[in-house]
Participant: 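Here you go, one structure.
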There are 2 protein chains.
Amino acid sequence: MAATMREVAEAAGVSIATVSFVVNDSKRVAPETRRKIEDAMARLGFRRNSVARALASRRTRIVALVYPAMEHKLGGSAMEFITSAARTAGEAGYHLVLWPVSNDADELTELVGQGLVDGVLLMEVQLEDARVEVLRATQTPFALIGRSADLTGLVYVDIDFDRTMEQAVDHLYGLGHRHLVLVTGSQADASFRSYGPYVRAADAYRRLAAERGFAVVVLECGQDTDGGRAVAEEIVSTRPWTTGVLVLNEFAAPGLVSGLLRHGLRVPDDVSVLSVLTSTEMSTLVDPALTAMSSPGPELGELGVQALLRVLDGADTLPPRLLPGVLVPGGSTGPVRAGAAPVPDPSCTPRS
Amino acid sequence: MAATMREVAEAAGVSIATVSFVVNDSKRVAPETRRKIEDAMARLGFRRNSVARALASRRTRIVALVYPAMEHKLGGSAMEFITSAARTAGEAGYHLVLWPVSNDADELTELVGQGLVDGVLLMEVQLEDARVEVLRATQTPFALIGRSADLTGLVYVDIDFDRTMEQAVDHLYGLGHRHLVLVTGSQADASFRSYGPYVRAADAYRRLAAERGFAVVVLECGQDTDGGRAVAEEIVSTRPWTTGVLVLNEFAAPGLVSGLLRHGLRVPDDVSVLSVLTSTEMSTLVDPALTAMSSPGPELGELGVQALLRVLDGADTLPPRLLPGVLVPGGSTGPVRAGAAPVPDPSCTPRS
DNA sequence: CTGAAAGCGCTTACAG
DNA sequence: CTGAAAGCGCTTACAG
């Protein structure tokens with residue numbers, strides 16, 4: 001079966017170097033010679049051994065996707081993201097290996113030390129990320145999905161939180177909402193340790209609030225249905241005049257809605273809810289489907305791999321790309337109720 | 001940085017063969033010699049180059065996870081499954097590459113021909129699967145997640161549809177339900193081309209119906225919220241006496257519930273709904289949380305990789321393992337209503 | 001345009 | 001217990 005170059009060379013009556021030139025199209029070869037070689041390859045069923053090639057050329061054409069195995073529950077678009085990354089790599093002649101590693105640096109050091117991969121795509125980047133230091137120290141080419149705090153010399157693609165939040169706020173603003181709440185996941189203890197997306201989204205939100213002149217309210221909640229319910233409770237009891245909620249957590253968003261409903265509020269008649277950065281798979285699961293800013297998962301996977309491959313090819317690095325989520329209208333947002341009372345009262349909420 | 005064996009050998013004053021013996025612990029080495037070598041390795045920061053090792057040993061210690069890129073929407077536990085597979089591989093010193101390929105055979109032939117992987121884990125296996133033939137023809141070691149129709153000589157792990165369906169039916173049966181409906185995805189045209197899980201689950205369901213003596217009703221629906229709504233409509237209009245529904249589609253299950261609610265039925269007071277083979281992430285998203293048979297995704301990933309590695313190690317193949325889903329009680333199932341009328345009437349449905 | 005040869009960094013019989 | 005040597009299947013200067 002799997003013939004080698006040497007066998008092809010013998011069959012074609014040429015040297016194995018010439019076979020290599022034909023296989024890689026890396027040097028001019030006389031048409032006649034090329035034909036003989038191609039015949040022999042077809043006849044013998046030649047397939048280039050990628051391991052030998054990797055050893056000789058010092059390029060494995062394998063890149064690793066590094067992501068935290070446990071920490072964050074990955075969103076609903078993670079699978080799409082990964083498939084998109086793997087396919088983009090494949091189309092460029094690369095393979096993608098999966099390295100679900102803890103956020104500690106030693107495991108990553110060990111893995112890159114094996115020399116299996118040409119580069120690394122780092123997901124779920126922390127603002128201060130030990131893995132980035134490992135990759136720098138080991139001279140491993142890499143690109144980030146997300147951003148650390150210090151970006152000097154780094155190649156990355158990320159979500160455009162500014163534009164995503166702006167579109168989200170504008171959507172609610174356009175519907176007349178002025179009493180907004182932003183719900184994020186926990187932003188942890190020290191800000192420099194916290195999760196980039198929450199921090200950046202909240203920052204963008206604060207800027208928008210300053211521009212538009214509305215009050216900043218940021219609440220945190222757990223990443224599941226119960227978390228969403230709890231924050232609904234908090235909103236109803238401490239800020240009953242709220243008419244619009246932006247939730248930056250696709251697992252909590254449906255719980256938030258059902259929590260509001262349980263308190264006798266109607267969605268969207270009394271309160272509009274917008275799920276920010278979610279897969280539409282998740283946001284359309286509930287009834288009504290949630291209005292959402294959908295995550296650009298597949299695009300991030302593709303652009304991330306492309307950016308990394310550019311680094312590996314020694315070409316000019318791609319400029320950082322920031323992609324906004326896309327507004328997907330659903331049934332959870334609507335015009336602010338006319339004559340909304342500061343304190344909601346289910347028995348008296350005429351539609352606009 | 002990355003020192004080679006030859007450098008370690010020189011530094012330790014031994015041959016590179018001896019270094020190899022220490023690194024791989026593959027031969028007895030005198031304690032004194034070993035110590036010198038280990039010292040040198042630590043001093044020079046030696047890391048074994050996995051590509052050179054692969055070429056020399058003819059084992060890359062890489063396995064591929066092959067899954068269809070587009071066809072089926074992968075379930076919510078796909079990410080867990082893949083992470084579990086990657087981690088299991090990693091713990092055994094292997095790497096996992098992702099091959100999202102179309103179901104056509106040529107692409108897979110091309111990929112295995114590169115000699116990059118020692119074996120393949122095949123997901124979303126069809127009853128009649130061209131990829132299985134490719135792997136057989138190319139002598140590639142492989143294991144299946146799922147089962148094709150002809151299993152002679154194959155290594156596989158799969159869901160135990162018999163036990164899963166039995167537990168699901170028993171759950172509803174124990175609550176007094178006798179008018180059941182099974183909802184699956186489309187079972188396509190010719191049965192031999194169809195999707196294993198639907199076929200096996202339906203088969204198991206038919207056996208249970210024969211044993212228990214209840215009528216077999218199998219409906220099909222699209223894999224999303226709208227599909228669920230449509231089948232709810234169908235149930236209400238054509239089989240209004242139904243009190244229990246088993247849904248084999250996690251994306252349609254919530255839509256089914258909301259479809260029933262829209263028709264004035266209460267869940268679970270009028271109709272109980274059980275989501276069969278879903279991630280709890282999805283089934284707990286809605287309110288009430290769905291009672292579910294949760295998919296054994298992580299276990300399948302782990303066992304699948306272990307089964308494959310056994311094949312690669314030339315050890316006795318693991319016997320096929322079939323894993324049942326686990327019942328996770330939720331709010332969508334309850335006792336059959338007392339004195340249930342054959343035709344539900346929202347105005348007259350006393351609780352049991 | 002083509003070939004001989006060194007070399008990528010290991011593993012593994014084979015000798016001793 | 002240790003070493004010399006062949007070899008895994010390619011790539012890539014270097015000659016010609």
Side-chain angles (χ1 to χ4, degrees), chain A residues 1-38 40-41 44-62 93 112-118 312-314, chain B residues 1-38 40-41 44-62 93 112-118 312-314:
Chain A
M1 200 82 266
T4 67
M5 279 195 182
R6 115 172 272 92
E7 292 169 318
V8 171
E10 277 168 14
V14 298
S15 78
I16 104 174
T18 308
V19 176
S20 176
F21 300 150
V22 168
V23 168
N24 296 306
D25 205 23
S26 52
K27 245 187 190 177
R28 301 213 60 74
V29 172
E32 171 68 359
T33 312
R34 154 165 271 126
R35 199 192 47 67
K36 283 192 302 187
I37 292 173
E38 282 170 346
M41 290 200 301
L44 299 177
F46 170 77
R47 315 223 157 241
R48 181 219 281 110
N49 181 302
S50 65
V51 177
R53 174 158 91 135
L55 185 59
S57 67
R58 287 134 215 255
R59 297 189 57 180
T60 62
R61 287 165 178 84
I62 303 173
V112 298
Q114 297 177 194
L116 182 73
V117 304
D118 292 338
L312 299 184
D313 290 344
Chain B
M1 197 84 267
T4 66
M5 278 194 183
R6 115 173 273 94
E7 292 170 319
V8 171
E10 276 168 14
V14 299
S15 78
I16 103 175
T18 308
V19 175
S20 175
F21 300 150
V22 168
V23 168
N24 296 306
D25 205 21
S26 52
K27 244 187 191 176
R28 301 213 62 73
V29 172
E32 171 67 358
T33 311
R34 153 165 270 127
R35 199 193 46 68
K36 285 191 302 186
I37 292 173
E38 283 169 346
M41 290 200 301
L44 299 176
F46 171 77
R47 316 224 156 241
R48 183 220 280 106
N49 180 300
S50 66
V51 177
R53 175 158 90 134
L55 184 60
S57 67
R58 283 134 219 251
R59 298 189 56 180
T60 62
R61 286 166 177 84
I62 303 173
V112 299
Q114 298 177 193
L116 182 73
V117 304
D118 292 338
L312 299 184
D313 290 345

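Proteins get letters first, then strands, A, B, ... in listed order; numbering begins at 1 in each.
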Participant: One thing to verify: whether B/Glu32 and B/Arg35 come together as a salt bridge, which I'm taking to mean a side-chain N less than 4.0 angstrom from a carboxylate O.
Facilitator: yes
Participant: Does a nitrogen or oxygen in the side chain of B/Arg48 sit under 4.0 Å from OP1 or OP2 of C/dT11?
Facilitator: yes
Participant: Can any side-chain N or O of A/Thr60 pair as donor or acceptor with the backbone N or O of A/Ala54 at less than 3.5 Å?
Facilitator: no
Participant: For D/dA13, what is the paired nucleotide under Watson-Crick or G-U wobble rules, both distances under 3.5 Å?
Facilitator: none
Participant: Find which nucleotide of DNA chain C each of A/Thr33 and A/Leu55 is nearest to by heavy atoms, and output the residue with the more 5' nucleotide.
Facilitator: A/Thr33
Participant: If I compare all heavy atoms of B/Ile16 with all of B/Met5, which pair ends up nearest, and what's the gap?
Facilitator: O-SD, 4.3 Å
Participant: Nearest-nucleotide wise, let me know which of B/Gly13 and A/Arg6 is further upstream toward the 5' end of DNA chain D.
Facilitator: B/Gly13
Participant: Please work out if A/Arg47 contacts a base, only the sugar-phosphate, or nothing of the nucleic acid, heavy-atom cut-off 4.0 Å.
Facilitator: sugar-phosphate
Participant: Please work out which residues in residues 17-29 of chain A have a non-hydrogen atom less than 4.0 Å from an atom of DNA chain D and list them by number.
Facilitator: A/Ala17, A/Ser20, A/Phe21, A/Asn24, A/Lys27
Participant: Does D/dA4 have a Watson-Crick or wobble mate here (both distances under 3.5 Å), and if so which one?
Facilitator: none
Participant: D/dT11, OP1 or OP2 - any side-chain N/O from A/Ser57 closer than 4.0 Å?
Facilitator: no
Participant: Take A/Arg58 and A/Arg34, find for each the nucleotide of DNA chain C with the closest heavy atom, and name the residue whose nucleotide sits nearer the 5' end.
Facilitator: A/Arg34
